[in-house]
Amino acid sequence: MARHRLGLAAGAALAVLSIFELTGQTLAGPLAEAAAKAEGLAASGDAIGAHDVMRRAISDFSESLPFSLGKAVFVKSDPAGYAMYEPKEEPVFKPGESLISYVEPVGLSWKQSPVQGKIATHFTVDFDILNPAGDVLAGQKAFGDFTFTGFFRNQEIYSTLTIDVSGAPAGDYILRFHFNDVNSGKTTSIDQPFKIAEK
């Protein structure tokens, strides 16, 4: 069973303003231009306008990033939202305990949605379970199939993926996720080593 949620980190974009000045030199480029515009709006009292300028600039900039997975962690339970999770202290699971992973894709591609004025991103998730030698013991294609639709390229997207490993013997394993960006045809993978404890 796979689940997903979408969250927004409002206001976080303004924190990037300070990175555009290094040793007195201002960096050029769309993000720097947006930062300067946002600073002007903020100075004039338009915090919402400043926030929207930076949010859209980061959204647009994300299109140039390589498709990758920024974070993949085992969590104790389903997250409450983006970056709102309780990590599992050690990747050690009791016999019959499900694996719950929180994963953040980065650099997803977007295209026009059938919904007027909106854009959409679409990705699928495959997984493999391997032994330490790299042999694939189990797996499933298109384990998860996710579509997000909105007015701009949201960056605060994550997937919660739950895998049942009941019946697997005690020992060390690797959980490997393959994320497939349907719009671009690009794929990226990440490994999560884990252990099933003795009874």
Side-chain angles (χ1 to χ4, degrees), residues 1-20 29-42 45-73 75 77-87 100-127 141-163 177-190:
M1 179 169 71
R3 294 180 291 271
H4 66 283
R5 292 196 180 87
L6 172 68
L8 299 176
L14 292 180
V16 302
L17 294 177
S18 63
I19 70 172
F20 295 105
L31 283 179
E33 292 169 8
K37 182 176 181 180
E39 285 181 326
L41 289 168
D46 186 0
I48 301 301
H51 173 266
D52 287 348
V53 165
M54 287 308 303
R55 183 173 64 171
R56 182 155 305 277
I58 291 173
S59 167
D60 292 343
F61 176 71
S62 71
E63 190 173 25
S64 68
L65 297 175
F67 182 46
S68 54
L69 298 173
K71 182 180 292 293
V73 296
V75 294
S77 59
D78 285 356
Y82 181 80
M84 299 169 63
Y85 57 86
E86 200 60 44
I100 306 174
S101 294
Y102 169 93
V103 186
E104 295 176 359
V106 174
L108 289 163
S109 61
W110 296 74
K111 67 178 185 178
Q112 288 305 122
S113 162
V115 179
Q116 182 65 32
K118 292 187 177 182
I119 56 176
T121 190
H122 179 199
F123 61 93
T124 63
V125 182
D126 312 328
F127 80 88
K141 299 290 186 185
F143 167 72
D145 190 336
F146 308 111
T147 300
F148 294 90
T149 303
F151 289 104
F152 68 97
R153 300 175 190 88
N154 289 311
Q155 301 309 297
E156 296 79 15
I157 292 176
Y158 70 96
S159 291
T160 306
L161 301 160
T162 303
I163 297 177
F177 285 118
H178 308 277
F179 274 59
N180 312 296
D181 186 335
V182 175
N183 292 341
S184 70
K186 295 178 181 177
T187 296
T188 187
S189 301
I190 198 162

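Scanning all heavy atoms of the two residues, the minimum distance from Tyr158 to Ala80 falls at OH-C, 4.3 Å. For Ala142 against Asp126, the heavy-atom pair with the smallest separation is N-OD1, 2.6 Å.
Atom CH2 of Trp110 and atom CG of Asp60 lie 12.0 Å apart (nearest 0.5 Å). Atom CG of Leu69 and atom NE2 of His178 lie 11.0 Å apart (nearest 0.5 Å).
For the pair Ser184 and Phe67, the minimum side-chain heavy-atom distance is 4.5 Å or more. Taking the side chain as every heavy atom from C-beta outward, Phe143 and Ile163 approach each other to under 4.5 Å. In this structure the side chain of Phe177 never reaches within 4.5 angstrom of the side chain of Ser159, judged on heavy atoms.
Taking Tyr85 as the reference, Tyr102 meet the ring pair (Phe, Tyr, Trp, His ring centres under 6.0 Å) condition, with sequence neighbours excluded.
For the pair Ser101 (side chain) and Val103 (backbone), a donor-acceptor distance under 3.5 Å is absent. When atom types are taken as modelled, the side chain of Asp181 and the backbone of Asn183 share a donor-acceptor pair closer than 3.5 angstrom. Looking at Glu156, its side chain never comes within 3.5 Å of a backbone N or O of Asn154 through a donor-acceptor pair.
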Under 3.5 Å, sequence neighbours excluded: what are the donor-acceptor pairs made by side chains of residues 115-123?
residue	atom	partner	partner atom	Å
Thr121	OG1	Ser109	O	2.8
His122	NE2	Asp145	OD1	2.6

